[in-house]
Amino acid sequence: MQTQTTLSKTPRSTEAFARAGQLMPGGVSSPVRAYKSVGRDPIFVQSGSGAYVKDLDGNEYIDYVLSYGPLILGHCPSTVVTAITKAAGKGSSFGMPTTAESNLAEQVINALPAMERVRFVNSGTEATMSAIRLARGATGRANIIKCTGCYHGHSDGLLVEVGSGATTLGVPSSPGVPEAITQHTLLVPFNDLEAVRSMLKANPDTVAAVVVEPIAGNMGTIPPLPGYLQGLRDLCDEYGALLLFDEVMTGFRVAYGCAQSLYGIEPDLTCLGKVIGGGLPCAAYGGRAKWMNQVAPSGPVYQAGTLSGNPLAMAAGIAMLNELQDGSAYEQLEAMASRLATGLELAASEAGVAIQIGRVGSMLTCFFRDKPVTNYDDASDCDTNALARFFGSMLDQGIVLPPSQYETWFLSTAHDEACIDKTIAAAKVAMQQASNQ
Ligand SMILES: *Cc1c(COP(=O)(O)O)cnc(C)c1O
């Protein structure tokens, strides 16, 4: 029934998806966009403005995807658009240094006490891949410890999911990734310090880095348990491993000082992406000068990029951070996200649907589960059929959510009270749908 409604409202998206399917694998440039896990066709976007996107048929939706995180000011914030336009008129790429790189670098370094040097790259995948190369190069150790359910981009060594015997050696989660690479990725459950301790004990002097999303965002939003991040810091110090915070999602999203400022932890290396590019392809990794000076050309650890530090991306990032710097955006985001969470909980309880809200600031996931969610196993034990019904009903009512239980919803500063209340009203209907078999 839901599908029919949508099909009748979105014939141009259906047509566009059929065409794209003949040209690109699954018709998309990134898998989650195909809506496979919610069993329907994606909408094709024509344009975005503020909190809204418009599809090819002219339907408008309140957008909680927000390009999977970067658009913290919503679509087309005027300062960012102006900055990009101005930069584009002066040349889109040079392969020679510009002061824009130093300007954004300075802003990032000023925001993060643990970051003394930074290197810009083009995607979060590149940032984590390069930071791990650096950790290995700097420590002379091959192994990394990674949490099941944490996503750090799609480079070979990080593309390791769960097996059921999750605390053993990494098994590749995609064909094309040799075990010779993933055997160096040691898996532990998120929020489980004892597992990290045993892993370090069992692999003495071979672990280059413990890699973690300080707030998990790629198995839905799961905050760290109290003491977890400090425990990781202590264990890394004890065993001589570097602590690498992958803040590609959380960086400048949960606070101007990123997640590390919220929890008061200084990692050795930090990866950034999403928000720092202001919606353009840009990411970064950085940390103490002692480590970063190992990166070429200061040091021997090689890493490069034709479009890295791209002037358009730098301009967008600088404009974005300028808007965020005074911190007022985060207060507003917190107020709106908290209002949304309360509304969702009420809608669910009225409909008799069990949910758990995972939330830190403007990152939020509605898990369809009756017990707390603290790790990947919990997140994998949700009623995804209920989620699919909820998602479909929301879409039909003009609210677009990330199409999976493992994704985070994002708010922007353009999501005002009216948007939130419209979303809550839609959720009341959608929760009823979710409760029907
Ligand atoms: C999105 C994300 C990445 C990958 O970034 P891309 O720009 O998609 O390559 C890495 N780590 C985390 C935590 C992310 O959320």
Side-chain angles (χ1 to χ4, degrees), residues 28-34 64-72 119-135 144-161 173-174 185 190-191 209-224 229 232 243-255 258-260 262-263 267 269-286 303 305 307-310 313 316-317 320 358 360-365 375-376 379 402-410:
V28 290
S29 298
S30 191
V32 71
R33 298 179 198 170
Y64 290 93
V65 179
L66 292 175
S67 189
Y68 290 92
L71 306 181
I72 196 167
R119 166 62 59 84
F120 292 113
V121 292
N122 304 289
S123 70
T125 295
E126 243 187 285
T128 54
M129 178 183 80
S130 309
I132 284 166
R133 181 180 303 149
L134 169 59
I144 56 169
I145 292 178
K146 170 199 179 289
C147 295
T148 52
C150 278
Y151 178 67
H152 304 292
H154 61 85
S155 71
D156 283 353
L158 288 167
L159 207 53
V160 186
E161 248 175 18
S173 63
S174 165
T185 306
F190 186 65
N191 269 329
V210 174
V211 185
V212 72
E213 297 177 65
I215 299 159
N218 288 287
M219 45 181 148
T221 306
I222 305 181
L229 298 175
L232 291 182
L243 180 60
L244 196 171
F245 274 7
D246 179 354
E247 297 226 42
V248 169
M249 184 184 288
T250 54
F252 299 101
R253 161 58 66 183
V254 293
C258 311
Q260 51 200 269
L262 286 185
Y263 300 99
L269 296 173
T270 299
C271 292
L272 297 166
K274 299 191 169 122
V275 173
I276 63 158
L280 265 62
C282 174
Y285 64 104
Q303 183 271 311
L307 292 174
S308 294
N310 176 265
M320 184 80 106
V360 179
S362 60
M363 292 170 56
L364 176 156
T365 297
N375 60 29
Y376 187 68
S404 158
Q405 189 66 93
Y406 297 123
E407 299 291 350
T408 288
W409 308 10
F410 299 98

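Whatever order the structure lists them in is the order used to number ligands and atoms, beginning at 1.
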Problem - Ligand-residue contact atoms, ligand 1 with S123, heavy atoms, under 4.0 Å - result: 7 (O), 9 (O)
Practice task
Answer yes or no: does an N/O atom from V248 fall short of 3.5 Å to an N/O atom of ligand 1?
Solution key: no
Handout entry: Structural part of E213 in contact with ligand 1, heavy atom criterion under 4.0 angstrom
Key = side chain
Practice task
Mind checking whether N218 contacts ligand 1 via backbone (N, CA, C, O), side chain (CB onward), both or neither, at a 4.0 Å heavy-atom cut-off?
Solution key: side chain
Exercise for the section: Between V211, D246, L272, N122, flag the one that comes closest to atom 11 (N) of ligand 1 by a heavy atom. Expected result: D246
Problem - Near-ring test Y406/Y376, centroid separation under 6.0 angstrom - result: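 So the answer is yes for these two rings.
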Handout entry: M219 side chain near F190 side chain, heavy-atom distance below 4.5 Å
Key = yes
Problem - Close side-chain approach of V121 to Y285, heavy-atom, < 4.5 Å - result: yes
Practice task
Nearest 0.5 Å please: distance from the CZ atom of R119 over to the SG atom of C271.
Solution key: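 The SG atom of C271 is 13.5 Å from CZ of R119, to the nearest 0.5 Å.
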Exercise for the section: Please round to the nearest 0.5 Å and tell me the distance separating atom CE of M249 and atom CD1 of I215. Expected result: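 So the CE of M249 and the CD1 of I215 are separated by 10.0 Å.
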Practice task
From the options L262, L232, N191, select the one residue that forms a side-chain contact (heavy atoms from CB on, under 4.5 Å) with P224.
Solution key: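 So the option named by the test is N191.
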[atom]: which protein heavy atom is closest, and how many Å away?
atom                   : answer
atom 9 (O) of ligand 1 : T125 OG1, 2.6 Å
atom 5 (O) of ligand 1 : G124 CA, 3.2 Å
atom 1 (C) of ligand 1 : K274 NZ, 1.6 Å

